[in-house]
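A quick write-up on the structure given underneath.
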Amino acid sequence: ERILLTLATGTGKTFIAFQLAWKLFYSRWNLTDRNSSSAPSRRPRILFLADRNILANQAYNAFSAFPDDALVRIEPDDIRKKGKVPKNGNLFFTIFQTFMSGQSKDGEPAPYFGEYPSDFFDFIIIDECHRGGANDESNWRGILDYFAPAVQLGLTATPKRKDNVDTYAYFGEPVFVYSLKDGINDGFLTPFRVKQIATTLDDYVYTPDDTLVEGEIEAGKRYEEKDFNKIIEIPEREAHRVKLFLSQIHPNEKTIVFCATQLHA
């Protein structure tokens, strides 16, 4: 009933999800008929849940081989316009935030997922499930609990560690693991090199002849790397680091940049 796949980024989680959905769709597998000896009566209703629109959209496009009338992108604007959640279709794509939004005529919170019967979906795919969907403290867990009758497949690129033990407790041990090392050894992924950028201004102490543009600063405090772009920002420093960074990369190579915050990025 609860299945977990752990595969390194770029090794085919969405592709596997597509293949599973394809087989279930064309075999007419569904929860109602699976324990019956008679022929399946309907195609399954499959929900793809992500935590960001870009991931939901990518999956929606990746499933484009399915018939157009089978695919449904659940959008809050569309729900508000029509006054109800979409139910005609077989493969539904949305994000947790959309399902958690919605309100009653009285203005009280009334999550949209509650407009579906709890057994509406036969199979649910939770993308990047380590991001909080299975965390007991998370509101998103309410969605998974509500649709408890469905078989739920969690997809993650993150091996088990302290900050995602809830995910592994919910889904159980992975039925299949394909690590970053496996991907590199098999030639699907490229070994990476980490480059740490260091400058002569990686710590800073305010002096009276410096210009404070805005905010407050603590005189005598030594600001270190962990403080930059979180509680102190020196634009000239960042501009210099970007120049250093651009001089070290090749424009045709895949590069991941780790930033302090979204604003810093």
Side-chain angles (χ1 to χ4, degrees), residues 1-27 29-31 34 43-66 70-71 73-74 90-97 99 113 121-136 138 140-190 192 254 256:
E1 305 297 324
R2 303 291 177 264
I3 307 164
L4 182 64
L5 294 177
T6 303
L7 289 91
T9 300
T11 57
K13 290 189 295 297
T14 305
F15 182 73
I16 291 174
F18 168 86
Q19 296 291 339
L20 288 171
W22 185 270
K23 290 179 183 293
L24 296 177
F25 181 82
Y26 281 103
S27 65
W29 178 91
N30 65 77
L31 285 174
R34 70 172 179 164
R43 298 193 190 280
R45 289 187 287 262
I46 299 171
L47 174 65
F48 189 100
L49 266 177
D51 76 327
R52 287 178 292 163
N53 275 312
I54 189 170
L55 295 176
N57 291 337
Q58 284 175 354
Y60 182 83
N61 293 331
F63 281 62
S64 60
F66 281 92
L71 300 173
R73 180 68 171 91
I74 304 174
N90 296 96
L91 292 110
F92 299 77
F93 300 81
T94 195
I95 60 174
F96 289 107
Q97 293 87 334
F99 257 11
F113 70 82
F121 297 107
D122 302 286
F123 191 68
I124 299 178
I125 301 163
I126 305 99
D127 192 29
E128 303 290 2
C129 61
H130 64 277
R131 292 180 190 260
N135 186 323
D136 282 321
S138 171
W140 300 348
R141 175 66 182 269
I143 299 174
L144 304 185
D145 287 340
Y146 180 78
F147 293 117
V151 174
Q152 298 177 8
L153 171 70
L155 305 176
T156 182
T158 310
K160 190 175 184 179
R161 60 191 191 195
K162 284 185 179 179
D163 60 359
N164 65 0
V165 291
D166 288 327
T167 298
Y168 281 75
Y170 181 79
F171 288 102
E173 290 301 310
V175 297
F176 181 71
V177 176
Y178 192 77
S179 68
L180 178 66
K181 183 178 180 181
D182 292 331
I184 292 172
N185 290 340
D186 291 342
F188 295 119
L189 300 177
T190 302
F192 59 87
K254 181 176 285 188
I256 300 176

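If you're wondering where the values come from, they're calculated on a predicted model, not measured in any experiment.
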Does a side-chain heavy-atom distance below 4.5 Å link [X] with [Y]?
{"X": "Thr94", "Y": "Leu49", "result": "yes"}
{"X": "Ile74", "Y": "Phe93", "result": "no"}
{"X": "Leu5", "Y": "Ile16", "result": "yes"}
{"X": "Tyr170", "Y": "Asp145", "result": "yes"}

inquiry  = With side chain to side chain contact (heavy atoms under 4.5 Å, CB included) as the criterion, how do Leu47 and Phe123 come out once you've worked through the C-alpha distance, each side chain's angles and the decisive distance to 0.1 Å?
reply    = CA-CA 6 Å; Leu47 174 65; Phe123 191 68; over 6 Å; no
At what distance, to the nearest 0.5 angstrom, does [atom1] of [X] lie from [atom2] of [Y]?
{"X": "Ile3", "Y": "Phe176", "atom1": "CD1", "atom2": "CZ", "value": "14.0 Å"}
{"X": "Asp127", "Y": "Leu153", "atom1": "CG", "atom2": "CG", "value": "9.5 Å"}
{"X": "Leu31", "Y": "Asp122", "atom1": "CG", "atom2": "CG", "value": "4.5 Å"}
{"X": "Ile95", "Y": "Asp51", "atom1": "CD1", "atom2": "CG", "value": "8.0 Å"}
{"X": "Leu4", "Y": "Phe171", "atom1": "CG", "atom2": "CZ", "value": "6.5 Å"}
{"X": "Phe48", "Y": "Ile126", "atom1": "CZ", "atom2": "CD1", "value": "9.5 Å"}

task = For residues 10-25, pull every pair meeting side-chain hydrogen bond (donor to acceptor under 3.5 Å, both in side chains), keeping only residues two or more places apart or in separate chains.
result = none
Do the side-chain N and O atoms of [X] and [Y] include a donor-acceptor pair separated by under 3.5 angstrom?
{"X": "Arg73", "Y": "Asn53", "answer": "yes"}
{"X": "Ser179", "Y": "Asp182", "answer": "yes"}
{"X": "Tyr168", "Y": "Thr6", "answer": "yes"}
{"X": "Arg45", "Y": "Asn30", "answer": "no"}

request  = Take the angle between the ring planes of Phe99 and Phe113 and call it parallel below 30°, perpendicular above 60°, tilted in between.
outcome  = tilted
ask   = Going through the distances and angles, do Phe121 and Phe92 end up as a ring pair (Phe, Tyr, Trp, His ring centres under 6.0 Å)?
value = CA-CA 9 Å; Phe121 297 107; Phe92 299 77; 5.4 Å; yes
key: N/O donor-acceptor pair under 3.5 Å between Asn90 side chain and Pro44 backbone   = yes
ask   = Do side-chain atoms of Gln152 reach the backbone of Phe147 as a donor and acceptor pair under 3.5 angstrom?
value = yes
task = Find out whether the Lys NZ or Arg CZ of Arg43 is both under 6.0 angstrom from the six-membered ring centre of Phe25 and within 45° of the ring's axis.
result = yes
query = How far apart are the closest heavy atoms of Leu155 and Ala17, and which atoms are they?
reply = CD1-CB, 4.2 Å
Nearest non-hydrogen partners of Ala8 and Leu189, listed with the distance = CB-CD1, 4.1 Å
query = Less than 4.0 Å between a side-chain N and a carboxylate O, is that true for Arg2 and Glu173?
reply = no
